[in-house]
Every structure is written in structure tokens, then in C-alpha cells.
Amino acid sequence: MSVRVRFAPSPTGPLHIGGVRTALYNYLFARKMGGKMLLRIEDTDQNRFVPGAEDYIREALAWVGIEIDEGQGPGGPHAPYRQSERRDIYRAEADRLIAEDKAYYAFDTAEELDAMRKRLEEANAPAAQYNAITRMQMKNSLTLPPTDVKARMDAGEPYVIRLKTPRKEEVRLNDLIRGWVTVHSSAIDDKVLLKSDGLPTYHLANVVDDHIMEITHVIRGEEWLPSAPLHVLLYRYLGWESTMPQFAHLPLLLKPEGNGKLSKRDADLGGFPIFPLQWTDPFSGVVARGFREDGYLPEATVNFLALLGWNPGTEQELFTMDELIATFDLERIHKAGARFDIQKATWFNHQYLREQPDAVLAPIVQQQATEVGIDCPTDKALKIAALLKGRVNFARELFGEAKTIFYTPTDYDETIAATKWNADAVNAVTTFRNSLLAFDGEFMADAIKHVLSDAMQQAGIKQGKIMQAMRLALTGSGVGPDLMLTMEIIGKAEVLKRLGQALDTLKLPVA
RNA sequence: GGUCGAUUCGUCUAGCGGUUAGGACACUGCCCUUUCACGGCAGUAACACGGGUUCGAUUCCCGUAUCGAUCACCA
């Protein structure tokens with residue numbers, strides 16, 4: 001039987017980065033096993049629906065390179081893949097459970113439920129829940145005469161369908177990551193399966209859809225582990241236990257520091273993104289930053305996420321998606337939560353950025369130049385990308401590093417000027433400038449280097465002594481990338497101009 | 001509080017009875033370099049605690065502590 005997994009997010013807002021990791025693990029497993037990856041939209045809570053969220057999810061998955069084989073988007077044999085469009089299916093299964101005496105109708109109001117819980121708490125009951133014991137004191141089809149039940153339903157009184165959870169029963173499941181997990185049915189209450197609005201709760205919809213869609217492996221977050229036994233019970237009651245999917249509950253992503261799971265607040269505090277893509281809240285207009293907009297490459301994001309909770313057992317750190325697929329293994333997923341460390345993400349970005357083709361980076365440089373009113377021709381942008389991509393972590397830093405190339409000498413670094421601009425420096429710059437004037441070869445880094453060293457030899461000046469002054473004269477700064485390459489990019493005419501300007505402007509310190 | 005789960009350097013982790021406890025990020029130093037980075041090399045740094053089991057426990061078992069998840073007509 002071929003593997004079928006699904007990613008089933010709720011369109012209640014932007015996809016959390018932890019959700020992206022869950023999707024990634026599903027995807028890696030599907031590809032590794034030669035199976036299918038499905039996308040199902042779990043929009044059964046009409047109160048929390050957020051416009052645009054579904055598109056966001058699909059765009060985010062596409063951005064990181066997760067391809068959906070079947071489901072919302074590409075479609076497939078089990079369409080529709082939006083749960084809100086499948087309500088009749090859940091309804092039918094809920095009715096079946098009722099007919100088989102495995103579920104019942106309940107008419108209790110929110111106030112009555114509150115009162116029941118309060119009463120139980122005050123009585124110090126082990127658990128304040130709607131279960132095999134307490135249900136006999138509530139208003140439902142097990143306690144009310146059938147005629148009364150029918151009358152209430154005919155009158156349009158709101159009701160829910162609850163699972164008739166057994167009183168004493170061990171429910172076991174073999175989690176692929178955690179091993180055998182046993183829960184006593186007394187810890188599971190009579191969960192609502194069908195809400196009064198006619199839509200199913202997660203539990204019912206999830207189990208029904210996973211069965212119908214022939215899901216073989218349910219790979220989801222650890223927050224679902226406590227309700228997994230309930231799902232096993234549901235498969236059993238629905239008569240699907242023999243084809244029940246296998247479960248794998250993933251460890252959570254934790255705060256960078258302190259206690260608790262990673263939240264939006266941590267991202268705001270730490271100044272890093274927590275969503276794959278930028279998201280503008282449709283109601284408040286508040287913008288949340290995204291990995292993509294912050295300059296993280298999708299390859300780096302994937303690599304970073306993949307290693308948060310899983311590793312191949314080797315010392316390899318850098319993985320392409322194909323390599324991840326080849327080495328991925330559910331058994332090597334960790335059990336404990338992983339702290340989210342953005343510094344590692346930055347490092348991965350550096351690793352991938354340096355491998356980016358110059359042609360990809362050049363437009364980014366040009367765009368940033370344009371933003372500050374500088375015209376950067378393509379040939380120049382290509383050279384800048386080549387010169388600087390190994391030095392920075394983000395593409396956006398490229399132009400920041402390159403700014404000395406477009407520098408217009410107005411003010412020079414005072415400290416460098418005061419310490420390095422001396423008689424030798426003036427002599428060196430003058431000599432070099434004259435040599436350059438006489439030079440008629442191609443203005444390339446190697447050639448420039450020769451011109452400079454010849455000139456310094458001729459002037460009897462040790463090159464190392466005046467290099468910083470030379471840099472100061474050319475870029476106004478004491479630091480920066482390779483000066484010969486910088487000059488090549490600046491161009492001969494501009495180099496000559498800047499050297500002349502430096503000689504005119506910079507004053508020798510008063511001796 | 002009940003239930004379930006987890007616990008190796010600051011962080012991500014390797015380890016699955018005998019290891020100088022390995023790697024990566026971060027940090028520090030050195031080298032490279034005209035400078036800053038990059039890169040290279042090196043260094044600091046960990047088995048939560050207490051009992052067992054065993055010739056021997058980081059590794060197996062039981063407690064304790066701590067952390068996490070969950071206990072809705074939300075997913």
C-alpha cells in the first residue's frame with residue numbers, strides 16, 4: 001500500500017513556522033516513500049475563518065518548495081478538500097454512530113455545562129468532564145424520553161452529537177516517534193463530534209477524512225498526542241480500526257529563551273520572523289514579518305527547519321531538499337521540543353547565499369541602489385554580487401557593503417584620516433594616480449595591483465603602510481572588501497577623480 | 001490539579017552497557033589579509049538529581065526535580 005500523508009491546517013491566519021516544519025516532515029516522508037502529499041483545509045470553525053489565510057498557506061508551501069500532489073489546489077479524487085464543503089459526509093457518519101448507540105444527542109446549554117463543571121470542581125471530582133458517569137445527569141438522548149428528544153429536535157432546539165466514550169477501557173496506540181502510548185478511557189470525555197451549527201469538530205472531521213482519503217500516516221504536532229487515543233476510539237467505533245493510519249507526533253518548537261512554546265511575541269521581541277511569508281492582518285492591518293521578506297532563502301529556511309527536531313545521524317549539516325528526502329527517517333525524529341535559534345537560521349542563510357548565482361543577486365543589488373537614487377548598471381551589479389556574497393548573511397546587506405563603491409567623497413573617516421593620512425600617504429596616492437594616468441591596459445584588479453606595486457616600488461614606499469590611506473582616499477572608509485576589485489568596479493575615471501579629490505581635500509595633520 | 005510526554009555543552013544535536021562523550025551555531029584566541037568580513041585552525045563548555053540492575057552506566061529500571069503538551073460546541 002502506498003504512503004499517503006496530509007498537511008491539514010486551519011485557515012485562521014498566517015501559517016506558523018512550526019506548521020511549515022510539520023508540512024515539511026510530511027512532505028519529506030511522502031517523497032521518501034514514493035507516496036502522495038495531500039493538502040486539506042480544516043475550516044470547520046466558521047468563527048475563526050480569516051480571509052486570505054488559505055491562499056497564504058498555499059503560497060508559503062510553494063515558497064519553501066513543498067509540492068502538493070492532491071488536495072486543495074491541485075484537486076483529486078476525494079474533492080472537495082475543504083472541510084466546510086464536506087459537512088454532509090461528517091453528518092452521515094455521526095448519524096451512523098448514533099444509530100449504533102456509540103454516540104448520542106445532547107441538549108445542554110453552555111450555562112448548564114458550566115454549572116456542571118463548577119459543581120464537579122467544588123465536589124473535588126477527579127475530572128470535571130462530560131463522561132460515562134456525569135452524562136446520566138445531563139440533558140441528552142440517553143436520559144430524556146425518546147418522545148422528548150424528538151420534540152426538542154422538531155422544535156429546532158440546538159443540540160450536539162457526543163461520543164459515548166466507554167467507562168473503563170485501555171486505549172493504546174503505537175506512535176511512530178514515541179512508541180506505545182496508553183490512556184485510560186476515563187481520561188477521555190464524551191467529546192462533541194458534531195457541533196450545534198451542524199459542522200463537525202476537529203476530531204470527527206479529521207478521522208473521517210483521513211479514512212476516506214486513505215491517509216496512511218498522520219504526522220502532526222505533539223499538541224495532538226493527548227487526543228490521539230480519542231481518535232483511535234473513533235476509528236474503532238466507525239469500524240475502520242484495521243485501516244487506521246499510523247501516528248507520528250512531532251516535538252514542538254520552543255521559545256528561544258524562557259519557558260513555553262514559540263510564539264508571535266517571541267518573534268517581535270527577538271526581531272525575527274515567525275511566519276514564512278509576510279502577513280497583513282485583514283482586520284487590523286497589522287503587518288507581521290516573514291522569512292521570505294526578511295531575506296531568508298527558501299533553501300536555508302528548509303534546511304534550518306528540517307534540522308530542528310530531526311537529524312540524519314551523520315555530521316552533515318547542509319542539505320538540499322533532495323538530500324533531505326533521501327535521508328529522512330521518522331524514527332530519527334526527536335521526542336523533546338527544540339528551542340528556536342534564529343542565529344542558526346542566519347548561518348544557513350549565509351551558506352546558501354554564497355552559493356547563489358551572481359545573476360540572481362544582481363537585480364537585488366540594483367533594486368536597492370535604485371531605492372537610494374543610485375543607478376547601478378547590470379555589469380556592475382554582477383561584479384558587486386560576486387565580490388560581496390561571501391561576506392554577508394543576507395542579500396539585502398550586499399548593497400550596504402557595496403556603498404563605498406558608489407561613495408561620493410564628502411567626508412572621510414576622521415580616525416583613519418588622522419592616523420593614516422601622512423606625507424607617505426600623499427606621496428603614495430600621488431604616485432599611484434600618476435601611474436594610473438599613464439596606464440592604458442584594461443582596468444582589471446590584477447593589472448591595477450601591478451600598477452600599484454610598481455608605483456610604490458618607484459616611490460620607495462612600503463605598500464602595506466599606505467593601503468589604508470589608499471582605501472580612505474578611494475572610499476572614505478577604513479574598512480571594506482578587496483580594494484583592487486573595488487577599484488575595478490568603481491572604474492578608472494572615477495578612481496582617478498576620487499584620488500584627486502582626496503589629495504585636494506584631505507589635510508595633513510598638524511605636525 | 002489530573003493525564004500523557006520529555007530531560008547530553010548557552011542553543012540544535014550524535015550516542016542506543018565499556019568513547020579522551022563527537023559535530024554544528026554562538027563565544028574566545030590564533031592564522032590568512034592592506035582593513036573589516038569570509039575562510040582555515042584551535043579553545044572554553046554537557047550527560048538534571050537520588051536510588052537500584054550490572055564487573056561496568058550518559059545508555060536499562062524506579063523515584064525526585066524541572067520543562068512541555070493537554071484537559072472547549074478551537075483546531
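Fair warning: this is a prediction, and the values are worked out from it, not measured in the lab. Per chain, numbering begins at 1; letters A, B, ... match sequence-line order.
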Note to self: Quick check for you: among B/rU34, B/rC38, B/rA6, whose closest atom lies nearest to any side-chain atom of A/K335?
What the structure shows: B/rA6

Margin query: Which residue in the set A/P14, A/P9, A/P11 passes side chain to side chain contact (heavy atoms under 4.5 Å, CB included) when paired with A/Y56?
Written below: A/P14

Checklist line | A/E222, nearest nucleotide to its side chain (from B/rG68, B/rU34, B/rC74) | finding: B/rG68

Margin query: Counting the benzene-type ring for Trp, do A/Y25 and A/H217 have ring centres under 6.0 Å apart?
Written below: no

Note to self: Tell me if the side-chain of A/R471 makes a donor-acceptor pair with the base of B/rU35, cut-off 3.5 Å, by modelled atom types.
What the structure shows: yes

Next item on the list: State whether the side chain of A/R339 and the backbone N or O of A/G258 hold a donor-acceptor pair below 3.5 Å, judged by distance alone.
Entry: yes

Notebook entry, point to check: Ion pair present between A/E397 and A/R391, side-chain N to carboxylate O less than 4.0 angstrom?
Noted result: no

Margin query: Nearest to the side chain of A/R391, heavy atoms from C-beta on, is which of B/rA37, B/rU70, B/rA26?
Written below: B/rA37

Margin query: Students often get this wrong, so: under 4.0 angstrom with heavy atoms, is A/T346 touching a base, only sugar-phosphate, or nothing?
Written below: nothing

Next item on the list: Return the nearest nucleotide to the side chain of A/E317; candidates are B/rU13, B/rA75, B/rA24.
Entry: B/rA24

Next item on the list: Would you mind telling me which of B/rC36, B/rA24, B/rC73 lies closest to the side-chain atoms of A/K344?
Entry: B/rA24

Margin query: Heavy atoms from C-beta onward define the side chain here; which of B/rA69, B/rG39, B/rA75 lies closest to that of A/T201?
Written below: B/rA75

Checklist line | Sugar-phosphate, base or nothing in reach of A/P200, heavy atoms under 4.0 Å | finding: sugar-phosphate

Check: Between B/rC9 and B/rG15, how far is it from one C1' atom to the other, in whole Å?
Finding: 14 Å

Notebook entry, point to check: Of the nucleotides B/rC67, B/rA75, B/rU70, which one has an atom closest to the side chain of A/K261?
Noted result: B/rU70

Checklist line | Closest listed nucleotide, where the reference is the side chain of A/D482 and the choices are B/rC25, B/rU34, B/rC73 | finding: B/rU34

Notebook entry, point to check: Of the nucleotides B/rU13, B/rC25, B/rA75, which has the atom closest to the A/H334 side chain?
Noted result: B/rU13

Item checked: Closest to the A/L308 side chain, choosing from B/rA75, B/rC12, B/rA26 -> B/rC12

